[in-house]
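First comes the structure, then the notes that go with it.
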Amino acid sequence: MRIPAATYRIQFNPSFKFKDAQKIVSYLAELGISDLYASPIFKAREGSTHGYDVVDATRINPALGSQDDFDKLVVDLQKLEMGWLQDIVPNHMAYDSQNPFLMDVLENGPDSEYFDYFDIDWEHPYEDIRERVLVPLLGDFYGNCLERGEIKLSYEESGLYVNYYSLKIPLRIESYAQFLDHDLARLARKLGRNNPDYIKLLGILYIIKNLPDETEAETSEESRKARKDQASFVKGLIWELYRDNEVIKEFIHDNIEAFNGEPNNPESFNLLDHLLGEQFFRLSYWKVGAEELNYRRFFTVNELISVKVQDEKVFQQTHELISELVKAGKFTGLRVDHIDGLYDPDAYLRRLREKMGEIYIVVEKILEHGEELPLNWQVQGTSGYEFLSYVNGVFCNTNNEQQFNNIYMRLIGSLADYEQLVAEKKRLIADKNLAGDAENLANLLKRIAGKNRYGRDFTLNGLRKAILEVLVLFPVYRTYINPQGVSHRDRVYVEKTIEKAAAQNPQLVNEMELIKRFLLLEYDESLTEEDRELWLHFVMKLQQFSGPLTAKGVEDTLFYVYHRFISLNEVGSSPDKFGVTVEEFNEFNQQQFKHWRHSMNTTSTHDTKRSEDVRARLNVISEIPEEWETQIRTWMEINRSHKQINGDRVIPDSNDEYFLYQNLVGAFPLHDEEYPQFIERVKSFVVKAVREAKVHTAWLRPDTEYEEGFINFVEKIMQPAKDNEFLPKLREFQEWIANYGIFNSLGQTLLKLTAPGVPDLYQGCELWDLSLVDPDNRRPVDFELRKSYLDEIKKRAKTDIFGLVKDLMTAKKDGRIKLFLINRALGERKEHPKVFEQGDYIPLQVTGNYQNHLVAFARRYGETEIIAVVPRFLTSIVEPGKEPLGKAIWGDTTLHIPNGSQLKWRNAFTEEVIPGSDTFLVGEILQHFPVALLVSESASGSQKLGITL
């Protein structure tokens, strides 16, 4: 199996195609990247900026370039011995007219060969969506859209369609009869009843009206194909008449006009309304999807419909092209998106492994603090969010947690219990955004419970409440109970959660006990095999619901409400865990080395709430609570007059205002020319943030007064005017923070590059990246600038590395220092792959005055040892503007290296050679550069030349 040395995430889109990537391949190789890590590249909805809205997984996305363009990119990568790690999306596809599989289902219903392709409940208890698929994509109520003439009928060679702006859905063949029957007498008068074409049209109508009822027809593949062949035959005949007979063409045009109605004449839309009532789909207002739904979505996104990838046929079809590219050596690794959304993740991964062979596979999985990835999964690890949580947390000063609690409480007037807040926000999502999904689960449980005497008396309402109370208290994203049974891990989660839920809801104790029996698969002996399968099906569906509920309730709601310290409000992290100790960081890495040594280590992704460098800055604040509170109170007082006050309503409220200030400090640009754009970015960001928070406004119910009031506040406080007292104070403080933040950034980057796992770089983050949440983090990257910087760095490093380092330290704001660190560290990974792939992880002891201000560990393989030394909490060590370098700063702080005296060491960043010793003064190691990567002489080799310290 090929294990990447380092990956580089590229966000392909119509503005950055295969040809654009081809231009940077040599740059990535020079940087030290081993594998291009690609966002989804299969055919996506037109105009897609991210690729997760796939419409056809059997084709490369033409919006990214041709097959030839793709192949040329692969060839260039292979020439440089680079791999391709591909992000795949097995959970869902776009609910879009460009999705041929879904359109086939909407047109043909049970006779579609893709009838079981999507996760649709065709037997929904609600009559108006039973045997029909909801299409919740209208911008207003269905009746309003219809009578405004926004829903239109059209005809072309491939048949009749209903259109709503870009949405275009084919009509079922049976409904053609209603269309062709309309005003048929008029056509007879014009053509004459003996006209061959008129008789031909009557024959077509006869065929349509005598097609076998889909509810009575056989369900074999042969019968389905025969029915579709008949439909195609009929469509062809109609088109011939339309094409060759002007009178019939006029007749069809007139009928189209008649069915499309006249605005302000409600009765004129009856024809189209009745025609739409005959379809295998039902158009509806998009908000209906939150409460009534008969298909599974990706989270709460109506436009993404889930796929039943657990079905063998669906799996094979959606993974065939992926398999071909793997076997051809074009894909050398796979990253599986949203593994928790799948019906049976373990079974999927086993099938994936069987089909793809011994290829590098990681999954996108959010692990709660202390949660472990199932050891039986046939993967190399995750996409790295758990590493992000730990490496970010180690730069957050845990000693100051209580002070930040007090600050937050004083600023907003209260401090909610975090666990209660989690349950509250998950309950909000279940009640508002996922109500339809929750109702479907309750209906399924009611149906199963009613099959035995012990469950018949449970009401739908009681079961719904019990399900939600269990899920809102669940401590992890989901369990993995499947036909093989219940693991010890999952049993503990289920029992503890239901015990807690029952204690909080004693009136539902019987319902809770029933759910517990279901989740633990404690089947009644009297159950038939069919009933057992239905029982298990409920458990599997509940687990699928658990992940989206947690993601939407916590990541996409709570993270925008709980602002004690927003550096910790990150994917894979828990805001109530105020940082981690060095001991916890080391323990995590030791566990990773033991079980998942090839898991990815990331610090920024397309999904992170803030970039790695924003969080690095913010973590400086965790060191200075008193100064931080002073600044915040000053800013709030200065900006009080800019708030909008309407009665008891203040815009923004103190919680949102505090949130804003933290983000401004974290993301404030390093260069003045970026400031005007930064204001616009922040304005867009705050609107998204308050909608996600769902307190004053929301996506389902936008409150323009609050949103516009917040935007106005941002504009006023960020206006570069002479009378703006706030802006210069913000600039002064953030510049101070930013200087320390640079050292945090360098430190976390080195930890990522040296800890057990595969380091992953997000596009552009080799220089400073101060991005907020998407779409802000998907802005174009200036690769030409990065290439020129790297060329200069590599050239100067060969002749005058000390001069280069001094220059980089002087000009830290341009980001070259980060690029230099990455390039040098990746060079060592390439030189010593065994050390980083298989080398032991050994925490090193630090003593002295600043022993708690360092993270140090060794990676050892055979006789080779490489040591990373990273400082933290520098505000208490050096004054603003000074460098954390030399013995005068670090004093007696000492690094202890077992058997270090038997080796000589080379600092990879300065090429200094350090004589062997079991103890080193940190000030000697960090004389010229703020972090160190020490390589033992046996690892350095005689060809490495250095300067003796």
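These numbers come from the heavy atoms of this one structure, side chains and all, not from hydrogens, waters or symmetry mates.
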Working to the nearest 0.5 Å, report the span between [atom1] of [X] and [atom2] of [Y].
| X | Y | atom1 | atom2 | answer |
| --- | --- | --- | --- | --- |
| E707 | I651 | CD | CD1 | 10.0 Å |
| L700 | E291 | CG | CD | 8.5 Å |
| D53 | K43 | CG | NZ | 12.0 Å |
| L660 | N655 | CG | CG | 11.5 Å |
| N163 | K152 | CG | NZ | 9.5 Å |
| Y560 | I566 | OH | CD1 | 10.0 Å |

Can [X] and [Y] be counted as having a side-chain donor-acceptor contact under 3.5 angstrom?
| X | Y | value |
| --- | --- | --- |
| D769 | Y762 | no |
| N569 | R615 | no |
| R779 | S771 | yes |
| Q403 | E629 | no |
| R478 | S546 | no |
| S39 | D87 | no |
| N294 | N440 | no |
| N712 | E708 | no |
| D656 | Y706 | yes |
| R633 | Q631 | no |
| S611 | D613 | no |

Looking at [Y] and [X], is any side-chain nitrogen of the basic one under 4.0 Å from a carboxylate oxygen of the acidic one?
| X | Y | value |
| --- | --- | --- |
| R464 | D431 | no |
| R731 | D672 | yes |
| D128 | R282 | yes |
| D119 | R297 | no |
| E401 | R564 | yes |
| R148 | D140 | yes |
| K694 | E692 | yes |
| R691 | D556 | no |
| K818 | E612 | yes |

Less than 4.5 Å apart, any side-chain heavy atom of [X] and any of [Y]?
| X | Y | result |
| --- | --- | --- |
| W628 | S622 | no |
| E570 | Y385 | no |
| S745 | W768 | yes |
| R9 | T602 | no |
| L727 | I717 | no |

Centroid-centroid under 6.0 Å between F668 and F678 rings:
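Yes.
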Aromatic contact between F685 and F659, with the criterion being ring centroids under 6.0 Å apart: yes or no?
yes
[X] versus [Y], closest heavy-atom pair with distance:
| X | Y | result |
| --- | --- | --- |
| M718 | Y675 | O-OH, 2.5 Å |
| N260 | F269 | O-CE2, 3.0 Å |
| S567 | L618 | CB-CB, 3.8 Å |
| G572 | I366 | CA-CG2, 3.8 Å |
| T608 | T603 | CG2-O, 4.5 Å |

So for atom [atom1], which belongs to [X], do other residues, nucleotides or ligands contribute more than 12 heavy atoms lying within a distance under 6.0 Å?
| X | atom1 | result |
| --- | --- | --- |
| E46 | CD | no |
| F141 | CZ | no |
| E732 | CD | no |
| K688 | NZ | yes |
| E705 | CD | yes |
| K683 | NZ | yes |
| D417 | CG | yes |

Between N13 (side chain only) and F16 (backbone N and O only), is there a donor and an acceptor less than 3.5 Å apart?
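Flag set: sc N13 to bb F16 pair under 3.5 Å.
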Closer than 3.5 angstrom, by distance alone: can the side chain of E766 be matched with the main-chain N or O of G764 as a donor-acceptor pair?
yes
Hey, which of F578, Y658, Y562 is the one that makes ring-ring contact (aromatic ring centres under 6.0 Å, His included) with F404?
F578
From F299, Y295, Y52, F298, residue fulfilling ring-ring contact (aromatic ring centres under 6.0 Å, His included) relative to H92
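For H92, the ring-ring contact (aromatic ring centres under 6.0 Å, His included) test succeeds with only one of F299, Y295, Y52, F298, which is F298.
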Decide yes or no on side chain to side chain contact (heavy atoms under 4.5 Å, CB included) for L568 and N392, but give the supporting numbers first.
CA-CA 8 Å; L568 306 175; N392 183 58; 4.0 Å; yes
Full working for side chain to side chain contact (heavy atoms under 4.5 Å, CB included) between R45 and N99
CA-CA 8 Å; R45 166 191 289 145; N99 185 333; over 6 Å; no
Quick check on side chain to side chain contact (heavy atoms under 4.5 Å, CB included): which of I632, I621, V620 does V665 satisfy it with?
I621
L283, L102, N302, V288 screened by side chain to side chain contact (heavy atoms under 4.5 Å, CB included) with V135, the one that passes
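So the option named by the test is L283.
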Test side-chain hydrogen bond (donor to acceptor under 3.5 Å, both in side chains) on N663 and R610 and set out the steps.
CA-CA 9 Å; N663 282 289; R610 290 161 198 84; 2.8 Å; yes
How are the rings of F726 and Y661 set relative to one another: parallel (under 30°), tilted (30 to 60°) or perpendicular (over 60°)?
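Because their plane-to-plane angle lies in the 30° to 60° range, the rings of F726 and Y661 count as tilted.
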Under the criterion side chain to side chain contact (heavy atoms under 4.5 Å, CB included), I'd like the reasoning laid out for H696 against F710: C-alpha separation, chi angles, the key distance, then a yes or no.
CA-CA 11 Å; H696 301 291; F710 203 167; over 6 Å; no
The test is side chain to side chain contact (heavy atoms under 4.5 Å, CB included); show your working for L137 and E303 and say whether it passes.
CA-CA 7 Å; L137 301 177; E303 293 86 353; 3.8 Å; yes
